[in-house]
Amino acid sequence: MPDLADVRDYFSRRARQYDTSGAWVGDDRLGVVFRDLLAPVAGERVLDVASGTGRIGEALAGKGVQIDALDMTP
């Protein structure tokens, strides 16, 4: 099993191409599905764990929620 540093290095290297690395990653419909499942209400806080390049945060933008994003890579 890889250690945390190996995982962080792997995703750090992939970060620039991540949004184009697979059809599902750049599919805006996936963000819509997440947004609809979460059904955010203005004023709520959302914790996005393993936020990556921020695609879920983008899908929630403009809904009046505060998004706290956590990821192991910058």
Side-chain angles (χ1 to χ4, degrees):
M1 180 168 184
D3 66 15
L4 182 59
D6 290 338
V7 174
R8 185 180 301 120
D9 289 345
Y10 172 79
F11 282 105
S12 291
R13 286 191 309 273
R14 290 195 59 212
R16 289 180 192 234
Q17 309 88 302
Y18 189 76
D19 285 346
T20 58
S21 65
W24 69 273
V25 179
D27 189 341
D28 291 334
R29 294 173 298 179
L30 184 59
V32 171
V33 169
F34 274 108
R35 185 192 64 223
D36 291 349
L37 286 171
L38 288 171
V41 175
E44 288 183 326
R45 291 180 74 178
V46 175
L47 177 60
D48 183 0
V49 178
S51 57
T53 58
R55 301 283 296 178
I56 300 304
E58 287 176 352
L60 297 175
K63 295 296 178 185
V65 297
Q66 176 182 332
I67 302 164
D68 296 309
L70 297 173
D71 200 277
M72 66 170 39
T73 60

*Asks:* So how far is it from Lys63 NZ to Leu38 CG, rounded to the nearest 0.5 Å?
*Replies:* 12.0 Å
*Asks:* First locate atom CD1 of Ile67, then atom CG of Leu60, and finally report the distance between them rounded to the nearest 0.5 Å.
*Replies:* 5.0 Å
*Asks:* Does Ile56 belong to the same Ile/Leu/Val/Met/Phe/Trp/Tyr cluster as Val32, with side-chain heavy atoms less than 4.5 Å apart forming each link?
*Replies:* no
*Asks:* Please name the pair of heavy atoms, one in Pro40 and one in Val65, separated by the smallest distance, quoted to 0.1 Å.
*Replies:* CB-CG1, 3.5 Å
*Asks:* First locate atom OG1 of Thr53, then atom CZ of Arg14, and finally report the distance between them rounded to the nearest 0.5 Å.
*Replies:* 10.5 Å
*Asks:* If you take all heavy atoms of Ala69 and Ser51, which pair is closest and at what distance?
*Replies:* CB-OG, 3.5 Å
*Asks:* Of all heavy-atom pairs between Thr73 and Arg8, which one has the smallest distance, and what is that distance?
*Replies:* CG2-O, 3.4 Å
*Asks:* Could you tell me whether a side-chain N or O of Asp68 sits under 3.5 Å from a main-chain N or O of Leu47, the two making a donor and an acceptor?
*Replies:* no
